[in-house]
Amino acid sequence: MFLCHVIRAKMAAPIGRRKRKWVRGGAARSLRPPLPLLPPFTPLSPPLPTMLLLPLSALLLLLLLLLLLEFPPRSPPSSNPAFQEFQRRFHLGFLPALAADWLQGPHLFQVFRSRGFLQTQIAALYSLGFASNLVFGLFSHFFVDRLGRRRSCVLFSVLCSLSCLLLLSRDFPALAAGRLLGGVGTSLLFTSFESWYVHEHLERHDFPQEWIPDTFSRVALWNGVVAVAAGAVAELLVLGGGPVTPFVAAVPFLAFSGIFAVKNWDENYGKHRSCPKACGEGLRGLRDPPGALLGVVQALVEGVILIFIFLWTPVLEPLGIPLGIAFSGFMAASAVGSSLFRQGVVGGLQLQPLHLLTGSVALLGVSLLLLALPVPPPGAFLVFLLLEFSCGIYFPAMGFLRRRLEHGGAAGGSRWLRGGAQGVFGGAALAALVALGATGGVLAVARGDPRLRVGGEEGEGGVDTGM
C-alpha cells in the first residue's frame, strides 16, 4: 500500500518537478530511451511448425506416389494354393524380423548420446557394428550352409534380441558388445532367410524358378510399408518412454520370428565346403572384369551409405525434425525408388538394370554434391530424400546383377571388395571424428592460452599460412 501511495504522489507532482530533457523544437523527452517490447529476433533455423510439417508433407506425398505406382496390385503368377501357402509362411517369418530391424533405425544415435558419450565414442560404436557386419559377411554364406538355414534364422533372432537388451546398459563395453552382436545378426538377416526360401522353393517344393522373383518383389513392397510404419511407431514410442524404447519393442518381433521359424519351417543345408575353399572361390571371382568392377561400385557406394547412416541424425536433430518421421520419409523415398525400378524393368519401358544402376549412382553423386553446398536447413532434409530415392533404385539393381554373376563366383569377389572399401571409408570417417574430438579437447584445455591466438606471444601478430 505504501508503494502505491508513493507512485500516486509522483504522478500527481507538478509537471515542472519532473525530469525533462529539452531539445530543439521544445519537445520534451524522457532521459531514458524507451525499452523495446521484445528483443530483436534473428532466426537461426526455420520455426518448429515448419520443420514438423515439412517431413509430414513429404511423407504423405511419397506415400501417395507409392500407392499410384503400386496400384492395381500385381496378381500372383500362379493360383496354386500350395505355393500361396508357402509364400504366406515365409512372409510371416521374415516380415517381423524386418520390422524389428527397422524399429532400431531412427534413434540409435540418440540412445548413445543420452548415455553421455562423445561423438567420437558414438562413431566407434557405429564402426564396431559396421566392422562385425562386413567381416562376418565375408564368410556368412559358408557359416549358414554349415549350421543350417533355419537355425541361422533363429540365431539372428537371439543375437539381435541380446543386442537390443544390451542397449539398456550405460557401460561402454556392454554397448560395444551389443553393436558387435547386432552387426553379426544383421548379416544373418540378409543371408539366411533368402537362402532358406530359395532352397525350399526349388528343392523341397519343386516350384518353377520363375516364381521366385514374385515372392521377393512382394517382400520388397511389404518391407517398404513396414519400414515406413516402423519409423512412425518408433517416434511415438520415444515420446512415451525415451530413445531406448523402440529397441525393447523390437524384442517381441524378434521372438515371434524365431519361434515361428522353429515351428513352421523345415531345416535345410547348403553344400559342404571348407571355409578356405569358399573364400578362395570369392577371390577367384575378381578375375571376372564385370564382377570385379561391380564389386568396386558396391564398395564405394555402400561405403558412402554407411557414413550417411551415421551422420543423418546429428544433421537433422538440431533442426527440430522428428527423427522417426524423417526416417519414415527416407523409407518412403526408398520404396518409391524400388517401385520405379520394378516398373522400369518389367513395365513398358523395358530398361536394363545396369542402366538403372548407373542412373542411381549418378543421382547419389548429385545428392552428395548438394550436401557439400551451403543449403538451408530444409534443403538438407530434401537432399536426404533424394539420396534415399537413389538407394531405392540402387539396391534392387545391384541385387539383380549380383545374382546373375553368382554362378561364376564374381559375387563373392564383390563381397571381398565391398568389405575392403567399407573398411577404408569407415576408418576415414572414424579418423576424422577422432580428429574433431581431439580439436574439441584442445579448445577445452587450452582456453585462453595466448600462444594459440593470432597476435599472441610468438606469432608477432601474423598468421602462419603453411607456405
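Position 1 is the first residue of the sequence, and the numbers go up from there.
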Any side-chain to backbone donor/acceptor pair from [X] onto [Y]? Under 3.5 Å, distance only.
| X | Y | answer |
| --- | --- | --- |
| S339 | A335 | no |
| S187 | V184 | no |
| S161 | S157 | yes |
| Q343 | L69 | yes |
| S390 | L387 | yes |
| R179 | S163 | no |
| S114 | V111 | yes |
| S195 | S192 | no |
| R115 | L167 | yes |
| S140 | L188 | no |

Flag the pair [X] / [Y] as yes when at least one side-chain heavy-atom distance between them is below 4.5 Å, and no otherwise.
| X | Y | result |
| --- | --- | --- |
| L98 | W222 | no |
| H91 | T215 | yes |
| N223 | W102 | yes |
| I309 | L306 | yes |
| F172 | Q121 | yes |
| P314 | F109 | yes |
| L155 | L159 | yes |
| P246 | V238 | yes |

Enter the distance from [X]:[atom1] to [Y]:[atom2] here, rounded to the nearest 0.5 Å.
| X | Y | atom1 | atom2 | answer |
| --- | --- | --- | --- | --- |
| Y197 | L202 | OH | CG | 8.5 Å |
| L221 | L66 | CG | CG | 6.5 Å |
| L175 | L108 | CG | CG | 9.5 Å |
| L54 | L59 | CG | CG | 11.0 Å |
| L189 | C160 | CG | SG | 7.0 Å |
| L385 | M331 | CG | CE | 10.0 Å |

Hits for ring-ring contact (aromatic ring centres under 6.0 Å, His included) against Y394, two or more places apart or cross-chain, chain-then-number order -> none
Set out, in order, the CA-CA distance, both residues' side-chain angles and the distance that settles ring pair (Phe, Tyr, Trp, His ring centres under 6.0 Å) for F395 and F341, then state yes or no. CA-CA 10 Å; F395 280 109; F341 171 82; over 10 Å; no
Give the minimum heavy-atom separation between [X] and [Y], together with the two atoms involved.
| X | Y | answer |
| --- | --- | --- |
| V154 | G258 | CG2-O, 3.8 Å |
| I325 | P55 | CG2-CB, 3.8 Å |
| G93 | S257 | O-OG, 2.7 Å |
| E235 | L323 | OE1-N, 3.5 Å |
| H107 | P243 | CB-O, 4.0 Å |
| S169 | A174 | OG-CB, 3.5 Å |

Counting only pairs under 3.5 Å, give me each side-chain donor-acceptor contact of residues 351-368, with atom names and distances, residues two or more places apart or in other chains.
residue : atom : partner : partner atom : Å
T358    : OG1  : L354    : O            : 3.0
S360    : OG   : L356    : O            : 3.4
S360    : OG   : L357    : O            : 2.7
S367    : OG   : L363    : O            : 3.4
S367    : OG   : L364    : O            : 2.6

Legend entry - Pair T191-F143, side-chain contact (heavy atoms from CB on, under 4.5 Å): steps then yes or no: CA-CA 10 Å; T191 303; F143 177 84; over 6 Å; no
Item to complete: Give the ring-plane orientation class for F139 versus F136, where under 30° counts as parallel, over 60° as perpendicular and anything between as tilted.
Response: perpendicular
From CA spacing to verdict: ring pair (Phe, Tyr, Trp, His ring centres under 6.0 Å), F90, F94 = CA-CA 6 Å; F90 176 63; F94 191 25; 5.4 Å; yes
* Determine whether the aromatic ring centres of F130 and F310 lie less than 6.0 Å apart. => no
With a 6.0 Å cut-off (strictly less than), is the heavy-atom count around CZ of F247, excluding the residue itself, greater than 12? yes
Checking Y126, F384, F330 against W312 for ring-ring contact (aromatic ring centres under 6.0 Å, His included), the one that qualifies is F330
Next item on the list: Check step by step if side-chain contact (heavy atoms from CB on, under 4.5 Å) holds for Q87 and D214.
Entry: CA-CA 10 Å; Q87 261 192 345; D214 176 78; 2.9 Å; yes
